[in-house]
Amino acid sequence: MSLGDTPYHRAAPRVVILGGGFSGAVAALHLARAVTVPVDIDIVEPRPLLGGGVAYSTPDPQHRINVPAARMSAFSADMGHFDRWLRRSGVLATDPQALVKGGHIFASRLEFGRYLDGLVREQAASDGPAHIRHVQRRAAAVTPIPRDAPPGQSIGYAVALENGARLVADVVIIATSHPPPAAPRILTQALGDDPRLIANPWAPGALEAVAPDARVLVVGSGLTMADIVASLDAGGHRGPITVFSRRGLTPRGHALDATDLVGDFTTRPERTALALLRRIRATVTAAEVEGRPWQAVLDAVRRDARVVWQALPLEEKRKVLRHLRPFWDAHRYRIAPQPEATIQKLQARGQLEILAASLADIAAGPEGIRATLRPRRGGAALTRTVDVVVVATGPAHDHLIDAVPALAPLVTSGRLRPDALGLGIAVDEHSRVLDARGLPDETLWVAGPLARATFGELMGLPQVLIHAEEVARAVAKRLPGQAAPEKSNAEKSTAGTRSRMPA
């Protein structure tokens with residue numbers, strides 16, 4: 001195998017992976033390990049680090065993985081792999097704060113990106129039938145090649161790159177990164193392109209222009225907020241910071257000593273959002289009686305999430321997203337101990353306030369930006385005059401197609417459609433993209449969070465890892481020359497599935 005930026009010519013099917021973040025890198029790694037026949041794997045990713053993506057390419061050492069390293073891995077059968085890699089790498093000598101109580105490691109997120117990048121390069125350098133190539137460009141358009149293509153040309157996809165080059169793919173795996181945050185309309189209408197509005201805190205150097213004494217307003221109170229506050233504090237920020245969200249929910253901490261999970265949510269899974277909530281609450285209450293933490297219950301829900309989610313009717317899924325998702329996010333996507341301690345420190349000295357409120361009005365003036373907040377539980381409106389407004393509302397998944405214009409030709413041609421819940425792309429239970437008629441395509445797949453409307457919990461490890469592994473194995477089985485896959489009952493009953501793989 002080899003990893004490079006020059007074409008590798010041979011008569012082999014080509015799999016193009018759009019996006020080289022965690023999902024794309026893991027899909028490429030496991031696809032290469034699974035195949036027994038020649039295959040070209042092109043990873044289209046503009047960043048130099050494969051596996052980094054938005055989450056794991058941040059250079060800020062304050063941005064830490066939010067679960068212990070022992071629960072992070074590129075191999076679901078070996079969840080301690082990254083932890084061992086970290087301890088061998090000597091990172092604790094240069095980052096002693098990564099080691100917390102109980103011997104757990106919460107390293108910087110960049111270290112996990114480096115780990116993934118190294119694994120892909122190691123796989124590429126090994127002997128085997130797969131050839132991995134990092135195409136360090138951004139995809140501009142993915143266009144289906146029509147059935148009346150010129151003689152000798154594969155029926156598949158033309159992947160146009162931003163530099164004018166083109167790849168021809170037999171299979172495309174969509175593993176694009178999260179869309180950037182979308183500023184609330186009230187902010188964009190009032191502030192427009194005012195430099196005091198930081199709409200995307202993940203943009204390189206986004207917080208560097210914030211003065212140490214600046215009054216800061218953060219819109220959103222999740223993990224992105226925690227990163228922002230940790231970065232500001234590490235940079236010596238002294239000014240007041242006001243954080244608000246509709247419910248004022250912040251990420252909960254870990255129960256690092258908890259081991260065994262509590263609860264079974266797959267046996268007779270609930271069919272309504274309310275029944276599911278009551279079952280979780282009852283299990284938490286029973287666990288507390290036994291001295292077990294709520295985290296052990298929520299982790300059991302996460303483990304069973306695919307079955308739980310797929311048992312709910314569409315309208316009940318909408319209720320979960322509308323009413324329960326904020327609480328799930330706060331309890332499921334927990335905060336690392338280091339930024340948690342920073343938040344507590346700033347709150348204790350009165351520099352940081354976190355409010356449950358909505359934005360009623362905002363106006364820019366020469367003395368600052370005046371924000372009027374409406375408290376969630378009523379009472380008099382609150383006003384804060386600030387120097388900077390930072391958006392921390394999280395990825396705008398409901399604007400996916402706009403955020404990834406390369407997918408537009410697939411939508412126009414009817415080969416791809418958004419899912420019914422506005423979370424990403426419509427796929428079947430095997431992660432094959434569903435076309436406008438609802439039929440799955442054997443040559444178009446989704447790996448990662450953009451498939452979560454079908455699978456539910458696909459935003460954190462190990463669920464994203466398991467999903468990417470499954471997609472890689474499924475694609476490998478369908479390559480020409482590979483052993484024919486054993487079809488499931490669902491596949492046997494699916495009629496009208498398109499297959500354009502070359503014979």
Side-chain angles (χ1 to χ4, degrees), residues 3 15-33 41-60 63-83 85-86 106-124 132 134-136 139 173-180 202 223-224 227 302 332-333 336 394-395 397 400 403-404 423-425 431 445-452 455 457-473 475:
L3 182 70
V15 177
V16 171
I17 300 176
L18 298 180
F22 177 80
S23 297
V26 169
L29 175 66
H30 286 276
L31 176 59
R33 291 164 64 95
I41 304 171
D42 285 353
I43 309 172
V44 180
E45 169 55 54
R47 298 178 181 87
L49 199 68
L50 287 173
V54 174
Y56 305 117
S57 61
T58 169
D60 192 329
H63 296 170
R64 296 188 177 274
I65 56 175
N66 67 312
V67 296
R71 302 180 195 173
M72 302 280 285
S73 178
F75 307 98
S76 62
D78 184 5
M79 290 306 293
H81 193 264
F82 175 53
D83 186 89
W85 180 91
L86 271 177
F106 287 81
S108 73
R109 294 210 290 268
L110 183 58
E111 292 296 340
F112 192 60
R114 289 171 174 160
Y115 157 79
L116 295 168
D117 184 74
L119 288 176
V120 177
R121 295 182 185 280
E122 180 182 336
Q123 180 65 40
I132 303 175
H134 180 190
V135 180
Q136 200 174 337
I173 299 175
I174 301 170
T176 51
S177 54
H178 301 296
W202 299 113
L223 287 173
T224 301
D227 285 341
R302 181 207 56 181
R332 163 64 180 93
Y333 305 111
H397 286 105
L400 167 70
V404 189
L423 298 176
I425 296 172
S431 303
W445 302 72
V446 171
L450 299 184
R452 62 198 178 117
F455 296 96
E457 171 57 26
L458 272 182
M459 288 291 285
L461 285 168
Q463 278 66 38
V464 176
L465 166 62
I466 293 170
H467 183 249
E469 288 177 333
E470 290 174 345
V471 170
R473 289 193 295 267
V475 171

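Count residues from 1 along the sequence.
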If you compare all heavy atoms of [X] against all heavy atoms of [Y], which two are closest, and at what distance to 0.1 Å?
X: M79; Y: R71; result: CE-O, 3.1 Å
X: A32; Y: Q123; result: CB-CG, 3.9 Å
X: L86; Y: A107; result: CD1-CB, 3.8 Å
X: R109; Y: I65; result: CG-N, 3.3 Å
X: H467; Y: S431; result: NE2-OG, 2.7 Å
X: A447; Y: S23; result: O-CB, 3.5 Å

Would a 4.5 Å heavy-atom cut-off, applied to side chains only, mark [X] and [Y] as touching?
X: V120; Y: H134; result: no
X: W85; Y: L119; result: no
X: Y115; Y: S73; result: yes
X: L49; Y: L110; result: yes
X: F22; Y: L465; result: yes
X: P462; Y: R302; result: yes
X: L461; Y: V67; result: no

Output the distance between atom [atom1] ([X]) and atom [atom2] ([Y]), rounded to the nearest 0.5 Å.
X: D117; Y: R47; atom1: CG; atom2: CZ; value: 13.0 Å
X: D42; Y: I173; atom1: CG; atom2: CD1; value: 11.5 Å
X: I43; Y: L18; atom1: CD1; atom2: CG; value: 11.5 Å
X: D227; Y: R64; atom1: CG; atom2: CZ; value: 11.0 Å
X: N66; Y: L223; atom1: CG; atom2: CG; value: 5.0 Å
X: I132; Y: L50; atom1: CD1; atom2: CG; value: 9.0 Å

*asked:* Treating H30 as the side-chain partner and V471 as the backbone partner, does any N or O pair qualify as donor plus acceptor under 3.5 Å?
replied: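 Side chain of H30 to backbone of V471: no pair is present.
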*Check whether any side-chain N or O of E469 sits under 3.5 Å from a backbone N or O of S76 as a donor-acceptor pair, and report yes or no.*
yes
*Is the shortest distance from a Lys or Arg side-chain nitrogen in E470 or R473 to a carboxylate oxygen in the other one below 4.0 Å?*
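Salt bridge absent between E470 and R473.
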*Please walk me through it: do H63 and W202 pass side chain to side chain contact (heavy atoms under 4.5 Å, CB included)?*
CA-CA 11 Å; H63 296 170; W202 299 113; 3.9 Å; yes
